[in-house]
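Each ligand, and each atom within it, is numbered from 1 in the order the structure gives. For the numbers below, each heavy atom of this structure counts, side chains included, while hydrogens, waters and symmetry mates do not.
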Amino acid sequence: MAEETRQFQAEVGKLLDIVVHSLYSNKEIFLRELISNASDSCDRLRYAALTRPELLGDDGTGFRIRLIPDTEAGTLTIADNGLGMDHDELIANLGTIAKSGTSEFLNRLTGDARNDVSLIGQFGVGFYSAFMVADRVTVTSRKAGDASGWCWSSDGKGEFTVAPAPEAERGAAITLHLREDSREFLEAFRLKAVVKRYSDHIAIPVLLKEADKDEEPINSASALWTRPKSEITPEQYKEFYHHVAHAFDEPWATLHYKAEGAIEYTGLLFLPSTKPFDIFNPERKQHVKLYVRRVFITDDCEELLPPYLRFVRGIVDSQDLPLNVSREMLQHNPILAKIRTGLVKRILGELKRKAEAEDGDYLTFWDTFGAVLKEGLYEDFERRDDILDLCRFRSTASDGWVSLADYLGRMKEGQEAIYTIAGDDLAALKKSPQLEGFAAKGVEVLLLTDPIDEFWVSSVGEYKDKQFRSVAAAGGDLSKVKADENAETPKEDEAPSDEIATLIEAVKLALGDKVKDVRASERLTESAVCLVAAEGEMSMHLEKLLRAHRQVEAERPRILELNPRHALIKGLAHRVKTGGTGPLVEDIAALLFDQARIVEGEPPADPAAFARRLVAVMEKGLGA
Ligand SMILES: Nc1ncnc2c1ncn2[C@@H]1O[C@H](COP(=O)(O)OP(=O)(O)OP(=O)(O)O)[C@@H](O)[C@H]1O
């Protein structure tokens, strides 16, 4: 096959542009990225060869990564003898970005965000970072087990070529034609310093040949997690985290421990400090890599951690699993199940320790990953109480975060439940009419704004014998709560009950099957009306979420509550009682209903009719 020319996928073009123009201040990281890829590739071959030793061919298992500077040609080559790539893999891996969510992520990277290394770091520029220092990159690769190889080449400007390379050695050799201003990466001392800083922990030797000397390793070449904790610096942990997680940020927490006893394994786990851009991807894959006695097995082992801990990065190295463990063997494996239990316990234990420190540090974690951890509330029944203890909420009692223990400590006399309200937006929730009666009695309400909240609240049911109850379905509870002495009590001057009863009938008639019922409200103090769910029915917010995902079709009619203490309702009730109904009363009833919908974040049922009625009522008000 002759040389073929191909176009980069549009996303790659965008990424290359960002890499070259924005990450320039930190260009030495290209070496970390390429060594990291080379090491991953050796790991993968080592594992594949456990069951298919013929893949190793004559090259054997002496895995190594060579750095070959060529001062005359102005090139630096990073050559590994790992798994390599065949023709199609070169095209797919170095010409496209397969990660879902890439497009949206890159589109967000405009303006100032382009210079935000940590933001780009969430994404991981990987191989493409080579173009920070090179104006041409060639990759010569022979896949282990194949007879001959391929050469990929590009100047990073929209196109690349692929041509046969019959002489290629097993693995991949990445040759960087260094830009004039990046010639420093031909100097041995510079390469050594960068490798020491970023790649010392790589378990495979990184070799460099200096003039007149034999080729020598320039890294420690022992797996970091096997070294004693006391000998590992925070810097080294951080760099290892960058390598395993393909991240740029600081780890928020690092857990390094050896489990001994019935099951032996080492865990080196990191909790990131920034949210990965794809954390809410539907796949919900966990990201801890599995090793067996220092041999990499897989980075795709679902059984290792539950999805609600998918923000955790790092490695687990088992002593007990067999080296030739296959994907099938990993499913329902009792050893793995025990490791998983141990890991979950450790991670939640560390979070508990941090939460109890109450120094505010935990809240930064919660703000970043709380919404993910909460998925555990309905997925991990056994750990539910531990996770509830770790949860923090926005609440009507303060602007900060509160725990459920804080909440229980502030419950009012006669209050039987933990009250919640769910919606999309914190500011809008705080102003919800549903909260008025609770505020008047000084009852705290938790403000839930994560989409996940609606789901766990209904499945968890209670915390320390106190039920979670949505305020939208719990107006009646308020009568049991003793009001604070100084709390604002609802005004006593309600409309006479016979007038209210007549008004309710008139509104029911006017609205028909748009509402399930109309009744006088216990909860409203300021607003004239609100819409609520019937006891046991799904909240309006949940229904909206489900409708967005087409899980439910039609809207369900709700209960419209009228505030008998509100001047408008009183006036209207009096008018209906004395003068009967008519078009004006019908218009007002429809407007009140639409207004209640708007406050709930729903549009009026019929916007044109809403506008017409509003104009009619305003004209009346002006005496027009
Ligand atoms: N030296 C190599 N040997 C074999 N395959 C490689 C090598 N370098 C890169 N690849 C392949 O190319 C793919 C893309 O590499 P790239 O560095 O861009 O992304 P990544 O390593 O998957 O993730 P990240 O973008 O987070 O770094 C890799 O997943 C791997 O399959």
Side-chain angles (χ1 to χ4, degrees), residues 8-9 11-16 18-19 23 29-48 55 59 63-68 76-102 105-106 118-132 137-146 149-152 154 156 160 162 165 168-176 198-199 202 204 206 241-249 272 274 276-279 281 285 287 289 296 298-300 313:
F8 283 120
Q9 180 197 27
E11 279 81 4
V12 178
K14 270 190 210 165
L15 185 64
L16 279 171
I18 291 168
V19 165
L23 285 178
I29 57 133
F30 83 91
L31 195 56
R32 167 186 87 185
E33 299 289 309
L34 298 182
I35 290 178
S36 195
N37 282 347
S39 146
D40 288 350
S41 174
C42 292
D43 274 353
R44 270 181 275 150
L45 176 56
R46 196 197 316 252
Y47 177 62
L55 287 181
D59 305 316
F63 291 109
R64 46 92 190 130
I65 299 162
R66 298 172 69 194
L67 303 187
I68 310 160
L76 172 66
T77 299
I78 295 101
D80 66 69
N81 54 354
L83 189 59
M85 286 172 273
D86 61 21
H87 171 265
D88 293 357
E89 286 167 335
L90 278 170
I91 293 172
N93 294 340
L94 309 184
T96 57
I97 307 174
K99 287 179 199 160
S100 47
T102 300
F105 178 77
L106 290 173
S118 67
L119 203 60
I120 300 166
Q122 296 167 33
F123 184 78
V125 289
F127 169 77
Y128 301 105
S129 63
F131 288 97
M132 290 196 283
V137 177
T138 60
V139 180
T140 311
S141 183
R142 176 162 67 81
K143 177 135 183 180
D146 286 0
W150 296 91
C151 179
W152 179 103
S154 176
F160 61 90
V162 183
E169 293 179 13
R170 185 190 84 198
I174 324 278
T175 298
L176 312 173
Y198 297 110
S199 311
I202 295 280
I204 290 163
V206 178
Y241 162 67
H242 287 172
H243 163 65
V244 280
H246 295 273
F248 277 69
D249 60 337
T274 56
F277 79 104
D278 53 358
I279 191 86
N281 265 3
K285 269 195 183 157
H287 288 278
K289 298 186 180 188
F296 170 77
T298 174
D299 52 7
D300 187 16
R313 301 291 189 263

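Near Ser41, with a cut-off below 4.0 Å to any heavy atom, the atoms of ligand 1 are 3 (N), 4 (C).
Around atom 31 (O) of ligand 1, the closest heavy atom drawn from Asn93, Asp299, Leu90 belongs to Asn93. The nearest non-hydrogen atom to atom 5 (N) of ligand 1, considering only Glu89, His246, Met85, Glu33, comes from Met85.
When non-hydrogen atoms are compared, ligand 1 lies under 4.0 Å from neither the backbone nor the side chain of Leu83.
Checked by distance only, ligand 1 and Phe127 come closer than 3.5 Å through their nitrogen or oxygen atoms. For ligand 1, none of its N or O atoms has an N or O atom of Tyr128 under 3.5 Å away.
For the pair Glu33 (side chain) and Phe30 (backbone), a donor-acceptor distance under 3.5 Å is absent. Remark: the backbone N or O of Thr77 is not paired with any side-chain donor or acceptor of Thr175 at under 3.5 angstrom.
Trp152 places none of its side-chain heavy atoms less than 4.5 Å from the side chain of Thr138.
The aromatic rings of Phe8 and Phe160 sit tilted relative to each other, their planes meeting at an angle between 30° and 60°.
Heavy-atom contacts from other residues, nucleotides or ligands closer than 6.0 Å to CD of Glu11 number more than 12.
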